[in-house]
Undergrad: 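Here you go, one structure.
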Amino acid sequence: MKRDELSKVREEKLNKLEEKGVEPFSNKFSISCSLSQVNQQFKEFEGKPVKVAGRIMSVREHGKSTFMDIQDKDSKVQVYYKLDTVGQETYEILQLLDIGDHIGVSGEVFKTRTGEITIVAKELLPLTKCLNPLPQKWYGLQDVETRYRQRYLDLVMNGEVKDIFLTRSKIITGMRSFLNKHSFIEVETPMMQPLPGGALAKPFITHHNALDIDLYLRIAPELYLKKLIVGGYEKIYELNRNFRNEGTSTRHNPEFTMLELYWAYADYEDLMEFTEQMFNELVKETKGSNEVIYQSQKISFPEKWERITYAEAFKKYCGIDVEKDSEEQIRKEAKKKGVDADDSFWHILDSLFKKFAIPNFIQPIFVTDFPIELSPLAKEKKGSEGKIVERFQPFIGALELGNAYTELNDPREQEKRFKKQTQMRDKGDEEAHPLDKDFITALEYGMPPTAGLGIGIDRLTMLLTDSKSIRDVILFPLLRPEA
RNA sequence: GGGGCAAUAACUCAGUUGGUAGAGUAACGGCCUUUUAAGCCGUGAGUCGGGAGUUCGAAUCUCCCUUGCCCUACCA
């Protein structure tokens, strides 16, 4: 049957309800308890009157009596009504109910002889009519495209999807309370920026009419947050969206949620410990243990995570000595390994690392001490002769979950780095960091020694919900509009 | 951007070597007052993603397009 024919049937029922004086879209229905309360505290509720509400998920008619399952935010209860108790007139009205309708039920709690917790209805009224047929109950909604485009249907039909976003909420709440507990202050900085900075990525561009200026959706809040450290805050964080004008993949959505925190008088070593603590606590809170299964792999969160330097990882997984091997040698090796050798040298290194090293980082690990060329905002490591920065990235389940470093606070050095980036930009590197004079000025006023950390909330949620694709942890992932 | 796979009823899916489209669920009608993937009897339901081609004949073969998924590239 065509969709509109099915909807027409429902519209006719709606009309009949109105004819009978029943409002098919109510303003209010006060419940006395939730369905999970009825289920969990059955003994206290047994034989007592309750008022509950929910969406009809299935109906079993038996002539002069009817069973239906109703579902609310997190639970399901059977409702039962019979001709005897509701009367002929009401029973006829109830024939006009459909799967998908929201109803309010007043009745008494009991158990059927098969042991099912049930509410026998004294009064039962439609709260909201559902005009479109719901997907079928047994197989739920499988079609991936419909699940993303009409996420509400996915949530109605697939309970485990609701759980994923519940976990996401727990992660964000848990993170905020962890940070607040450690005296961090939540701040908000511009999402629309005249100059996009703080990361190496392509921005979205937009326009402000009154000022007649182009603005960029932020690729990161980093530079603004550091200005606040200059201003005298010592522990701050921002937990919100970033936007990057890039392709999508199972690990990338153009808008994604990031935690960034800055901590004055700390360095990246302090932050590694802080990150361990925060992750370990979040895992415990959301999973109830210090273990997670991600894509069939068991991941344990020890008190102290493994650490490996970028150079060590290169040696171990790519067979390349980044400190000693010449650029020519490395390019040759890259070509042998199937990595595009025409790219700029640092991109080749990055590609090699992603292809050969990252897949091995299943258990929690910090990769530390990156080459300076890949990190224009990080402070150089003492004694590294300007080659290496104090930076780390946490990896778990082969997912890159964040990025952190001791912040570069020398305005002269920062300007030099920006100029180098500008040269790369002139050579066609669209992602090179633009020179931000305002930021340099801020640094000239003096930013205390500071460490900064960014955590990808979406990827962390993937890890803790065993999701393969980032689209499964974003309620409305970006899709091409339907033709 | 490149490659692979997919799209059939509202939902979940079958559909053989090319021969005029099928099931279950949902819907509608009937029977049924403790069922639970209720059951039984009956009815209706389709631009086979879109377009072109090959053919006497296309859901099926070819090409183009659309959308999605996976891989890859780009991207911390």
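The sequence lines fix the lettering, A, B, ..., with proteins before strands; numbering per chain opens at 1.
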Undergrad: Base, sugar-phosphate alone, or nothing: which one does A:R149 contact when heavy atoms must sit under 4.0 Å apart?
TA: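 Counting heavy atoms under 4.0 Å across all strands, the contact made by A:R149 is with sugar-phosphate only.
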
Undergrad: Taking atom P of B:A10 as reference, at what distance in whole Å does atom CE of A:M157 sit?
TA: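 For the pair A:M157 CE and B:A10 P, the rounded distance is 16 Å.
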
Undergrad: Take the angle between the ring planes of A:F395 and A:F353 and call it parallel below 30°, perpendicular above 60°, tilted in between.
TA: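 Geometry flag for A:F353 against A:F395: perpendicular rings.
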
Undergrad: Could you go through nucleotides 3-6 of chain B and list every protein N or O atom that sits under 3.5 Å from one of its N or O atoms, giving the distance for each pair?
TA:
none

Undergrad: Say we look at B:G3 and B:G39: how far apart would their P atoms be, to the nearest angstrom?
TA: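 About 49 Å, rounded to a whole number of Å.
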
Undergrad: Out of B:U35, B:A10, B:A73, which has the shortest distance to the side chain of A:F67?
TA: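 Out of B:U35, B:A10, B:A73, the nucleotide with an atom closest to A:F67's side chain is B:U35.
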
Undergrad: How is A:T85 classified with respect to the nucleic acid when contacts are heavy atoms under 4.0 Å: base, sugar-phosphate, or nothing?
TA: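 Contact class for A:T85: none.
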
Undergrad: Determine the interatomic distance between P on B:G15 and the same-named atom on B:C28; round to the nearest Å.
TA: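 It comes out at 31 Å once rounded to the nearest Å.
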
Undergrad: Of the options B:U36, B:U33, B:C70, whose atoms approach the side-chain atoms of A:T112 most closely?
TA: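 The closest nucleotide is B:U36.
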
Undergrad: Between the protein and nucleotides 21-27 of chain B, list every N/O to N/O distance that falls short of 3.5 Å.
TA:
from: B:G24; atom 1: N2; to: A:Q136; atom 2: NE2; distance (Å): 2.7

Undergrad: Among the nucleotides B:C70, B:C32, B:U35, which one has an atom lying closest to any side-chain atom of A:K64?
TA: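 Minimum distance to the A:K64 side chain belongs to B:C32.
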
Undergrad: Which nucleotide sits closest to the side chain of A:E145: B:A10, B:C74, B:G68?
TA: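 Looking only at heavy atoms from C-beta outward on A:E145, the closest nucleotide is B:G68.
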
Undergrad: Reading RNA chain B from 5' onward, which residue's closest nucleotide shows up sooner: A:L479 or A:K202?
TA: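 Of the two residues, A:L479 wins.
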
Undergrad: NA contact type, A:T66, heavy-atom cut-off 4.0 Å: base, sugar-phosphate, or nothing?
TA: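 It contacts nothing in the nucleic acid.
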
Undergrad: Using Watson-Crick or G-U wobble geometry with both distances under 3.5 Å, which nucleotide pairs with B:C61?
TA: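 Looking at the geometry, B:C61 pairs with B:G53.
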
Undergrad: Counting just side-chain N and O atoms, does A:R147 come under 4.0 Å of either OP1 or OP2 of B:C69?
TA: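 False: A:R147 side-chain N/O out of range (4.0 Å or more) of B:C69 OP1/OP2.
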
Undergrad: For A:F110, which contact category applies under a 4.0 Å heavy-atom criterion: base, sugar-phosphate, or nothing?
TA: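 Base contact.
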
Undergrad: Considering only atom C1', compute the distance from B:G53 to B:C70 and round it to an integer number of Å.
TA: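 These two C1' atoms come out 30 Å apart once rounded.
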
Undergrad: Write down the distance separating the P atoms in B:C41 and B:G24, rounded off to the nearest Å.
TA: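 Taking atom P in both B:C41 and B:G24, they lie 11 Å apart.
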
Undergrad: So A:F110 and A:Y80, would you call those rings parallel, tilted or perpendicular, with 30° and 60° as cut-offs?
TA: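 Aromatic pair A:F110/A:Y80 classed tilted.
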
Undergrad: Looking only at side-chain atoms of A:D84, point me to the closest of B:A73, B:U33, B:C70.
TA: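 My answer, after comparing the listed nucleotides, is B:U33.
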
Undergrad: Should the side chain of A:E61 and the base of B:U35 be counted as holding a donor-acceptor pair, with the cut-off at 3.5 Å?
TA: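 Between B:U35 and A:E61, which were checked side chain against base, a qualifying N/O pair under 3.5 Å is absent.
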
Undergrad: With a 3.5 Å limit on both atom pairs, tell me what B:C31 is paired to, counting Watson-Crick and G-U wobble, or say none.
TA: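 Its partner is B:G39.
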
Undergrad: Among residues two or more places apart or on two chains, list those pairs meeting salt bridge (charged side-chain N to carboxylate O under 4.0 Å, His left out) that have a residue in residues 349-367 of chain A.
TA: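 Qualifying pairs: A:D350-A:K354.
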
Undergrad: Base, sugar-phosphate, or nothing for A:K82, non-hydrogen atoms under 4.0 angstrom?
TA: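 The answer is base, as A:K82 lies within the cut-off (heavy atoms under 4.0 Å) of a base atom.
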
Undergrad: When the P atoms of B:G18 and B:C61 are considered, how many whole Å apart are they?
TA: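 So the two P atoms sit 8 Å from each other.
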
Undergrad: Tell me whether the side-chain N/O atoms of A:R60 come closer than 4.0 Å to OP1 or OP2 in B:G39.
TA: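 No.
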
Undergrad: Does the ring-ring contact (aromatic ring centres under 6.0 Å, His included) test come out yes or no for A:Y405 and A:Y268, once each step is laid out?
TA: CA-CA 5 Å; A:Y405 36 82; A:Y268 80 137; 9.7 Å; no

Undergrad: On a whole-Å scale, what distance lies between the C1' atoms belonging to B:U16 and B:A58?
TA: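 Taking atom C1' in both B:U16 and B:A58, they lie 15 Å apart.
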
